[in-house]
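Structure, as structure tokens:
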There are 2 protein chains.
Amino acid sequence: MVNFSAPSASERRFMPPAVAVSSVAFALHPPVDANVADPRSGDVISTWGEYAGREGARVEHATTLWLPLVRRTRPPFDDLWALPGGPIPWDEDLYHTAARTLHESVLRSPGYLEQLFTFGATTRSATAQRLVTIAYWGLYGELDLAVDPTTEPSRDVASDVATAGKNAVTEFSEALVASADANIAWFSIDRLPELAFDHADIIDYAVWRLRQRTEYSMVAHRFLSEEFTLAQMRRVHEAILGEQIDPANFRRDVLAQGQLVDTGRVEEGTPHRPARLYRFKEQPEHV
Amino acid sequence: MVNFSAPSASERRFMPPAVAVSSVAFALHPPVDANVADPRSGDVISTWGEYAGREGARVEHATTLWLPLVRRTRPPFDDLWALPGGPIPWDEDLYHTAARTLHESVLRSPGYLEQLFTFGATTRSATAQRLVTIAYWGLYGELDLAVDPTTEPSRDVASDVATAGKNAVTEFSEALVASADANIAWFSIDRLPELAFDHADIIDYAVWRLRQRTEYSMVAHRFLSEEFTLAQMRRVHEAILGEQIDPANFRRDVLAQGQLVDTGRVEEGTPHRPARLYRFKEQPEHV
DNA sequence: GAAATAGTGTCTTTGAGACATTATTTG
DNA sequence: CAAATAATGTCTCAAAGACACTATTTC
């Protein structure tokens, strides 16, 4: 077999670049059993279930977005946080690699995933093999976060991946991190830790793109459950855009799009007039 | 040195994917000395200078866009046309690889170049090594096309590139094609030949993205010379969008953007009232 | 009925498409 | 003056921001 490990300096320049995928996966809040970083100190403090219960935080009033990060356990950037991801197996499509590595870290599959940009500057990591990263951005909706955490990864190629990863890509450990790990935690995008590589730039760009998409398309509903009120949908837009929206105009505009269907049902248990529940029209599959 | 050539089937699955760049480079018309394909038959017939002289074609009345292609001279897809591009040298940024390989094929540098999408489906080329292509799209303006064709490639790494390319990427010959070659020709986007790999899809996506950009930003001026009339600029928009635009409304909208500066001069030699000449305000550099 | 939020209606501003009209040049 | 295109002005319609007002529920 070809030997890729420990290339000498003179060999390195003839090696093709290593290719990996990294994902910025947004959610309105972490899964209940996930580790979270304290929005104030930045330290990983407890699971979201405990934290949210203690602080009285509610999805209803979500005002920021969260994303999962993985702590590196080897150089370079040892001990810093990085985006979930990993190398590309030789027989796996890019989209699928992004989805699979996210699942391996978060133990859940995102409801939406789209290619963001390919980062390949030679200055990204001066210490080792040239690294090209194809970045994806995705969304975890309420239903995605609720998926049973005991679910196994869907593909049966775990050994292939580990082998290819260990041999071909020396800088990436994300795919190799064990499940349900203290080295995986969720952070508010308003309070991110120091990040490995140029992952801070990748996250900035992903946030910008999410805002773009929110303004001229209908992706925001993917944060919500199957059925939702217009007020819930409006709060998602407000969290993404970071500003308040007029409820009446939001209603008029979003209904004029013709993408929402009135289920005929209404929410229950409110201390006031209950709102109608809507659902989204079926969409063609993404590419 | 590590041996990448002629991998066996069992070795291939452990090799990292080959990484290459391909570019879709639009222009209002080919350079005068470039080979062109007949818009009717699709055969390469002559240089643009001869063709345009014979047919009386004029930039003023451009109604379609053109792009350069390279004929492959080896399997797979031997003899089909493909996008200009090549493998990524270990020490070169992605953007620069796209710009350099374009220059090597077209002997000119585009005035604008932007990343499009990364194509990495495993089905793109079933016959050989896994190939990930980072596609760029770019624009050649009038000034870019006029550059002296004797200009040398700007970087002094030709031997590096050839070596890395021959060893690491078995499917790509674009970077190795000699200059001013019968295997390089320009095609109207309305009459493209049969294309290698999935390059037809890449071109479709690039055209779509160019139209998007044209509608909500100001890239179209990059097709023009330093100074230009509003009518010339309008014809560029019409060629890109494929439909006519009201001259009065176009004037109002484009001037309201505040990106154009009246030079105070007017065009000369017209058989009617001469139009004012405008130029573009300085823009921050692209990334 | 008070409180709270859902939901409706309307006034106004803005931007863009359609198109009539005036201006300036050559021959 | 005729022909051709540049440049300006105006009418209309549609989308969106601001905001007043009505409706329905719990307590």
Side-chain angles (χ1 to χ4, degrees), chain A residues 58-63 211-212 214-218 220-221 224-225 227-279, chain B residues 58-63 211-212 214-218 220-221 224-225 227-279:
Chain A
R58 300 274 303 141
V59 179
E60 297 292 314
H61 305 98
T63 183
R211 287 188 174 141
Q212 294 279 109
T214 302
E215 281 185 285
Y216 65 87
S217 91
M218 294 283 270
H221 74 284
L224 301 165
S225 307
E227 299 186 352
F228 48 86
T229 68
L230 292 183
Q232 287 168 340
M233 188 176 178
R234 177 169 47 81
R235 284 186 204 104
V236 173
H237 276 79
E238 290 174 340
I240 295 170
L241 300 177
E243 57 189 27
Q244 297 225 310
I245 300 171
D246 182 288
N249 294 334
F250 181 78
R251 169 185 303 274
R252 177 190 61 196
D253 296 344
V254 85
L255 289 179
Q257 297 269 15
Q259 295 294 303
L260 297 187
V261 180
D262 189 336
T263 64
R265 277 187 291 283
V266 294
E267 62 178 346
E268 292 174 4
T270 60
H272 52 75
R273 174 175 175 179
R276 286 185 206 157
L277 290 168
Y278 292 85
R279 63 177 174 78
Chain B
R58 301 271 304 137
V59 178
E60 297 293 314
H61 306 97
T63 183
R211 289 188 173 141
Q212 294 279 110
T214 302
E215 282 186 285
Y216 65 86
S217 91
M218 294 281 272
H221 75 282
L224 300 165
S225 306
E227 298 187 352
F228 49 85
T229 69
L230 292 183
Q232 287 169 339
M233 188 175 178
R234 176 168 49 80
R235 284 187 205 103
V236 173
H237 276 79
E238 290 174 340
I240 295 169
L241 301 178
E243 57 189 28
Q244 297 225 312
I245 300 171
D246 182 286
N249 293 334
F250 180 78
R251 171 184 302 274
R252 178 190 61 195
D253 295 345
V254 85
L255 289 179
Q257 296 270 14
Q259 294 294 302
L260 297 187
V261 180
D262 189 336
T263 64
R265 278 187 292 282
V266 294
E267 62 178 346
E268 293 174 3
T270 60
H272 52 75
R273 172 174 177 180
R276 286 184 206 159
L277 289 168
Y278 292 85
R279 63 177 174 77

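Backbone-only contact: T270(A) has heavy atoms under 4.0 Å from sugar-phosphate atoms and none from a base.
Q257(A) contributes no side-chain N or O that, together with a main-chain N or O of V254(A), makes up a donor-acceptor pair within less than 3.5 Å. Side-chain atoms of T270(A) come within 3.5 Å of backbone N or O of H272(A) as a donor-acceptor pair. Proximity of a side-chain donor or acceptor of R276(A) to a complementary backbone N or O of T263(A) within less than 3.5 Å is not detected.
Aromatic ring centroids of F228(A) and H221(A) lie 6.0 Å or more apart.
A heavy-atom distance below 4.5 Å is not found between the side chains of I245(A) and N249(A). In this structure, E215(A) and H237(A) have side chains that are not in contact, with every pair of non-hydrogen atoms separated by 4.5 Å or more. Residues L260(A) and R279(A) have side chains not in contact (no heavy-atom distance under 4.5 Å, counting atoms from C-beta outward).
Residues of residues 246-255 of chain B that place a heavy atom closer than 4.0 Å to DNA chain C, in numerical order, are D246(B), A248(B), N249(B), R252(B), D253(B).
When DNA chain C is scanned 5' to 3' for any atom under 4.0 Å from a heavy atom of chain A, the first and last hits are dA4(C) to dT10(C). When DNA chain D is scanned in the 5' to 3' direction for atoms under 4.0 Å from non-hydrogen atoms of chain B, the outermost contacting nucleotides are dA4(D) to dT10(D).
Exactly one residue among L224(A), T229(A), L230(A) makes a side-chain contact (heavy atoms from CB on, under 4.5 Å) with Y278(A). That residue is L230(A).
Heavy-atom neighbours of Q212(B) CD from other residues, nucleotides or ligands within 6.0 Å: above the threshold of 12.
Toward the 5' end of DNA chain C, the nearer of the two residues A231(A) and R273(B), judged by each one's closest nucleotide, is A231(A).
With respect to E238(A) and R234(A), a salt bridge is recorded, a charged nitrogen being found less than 4.0 Å from a carboxylate O.
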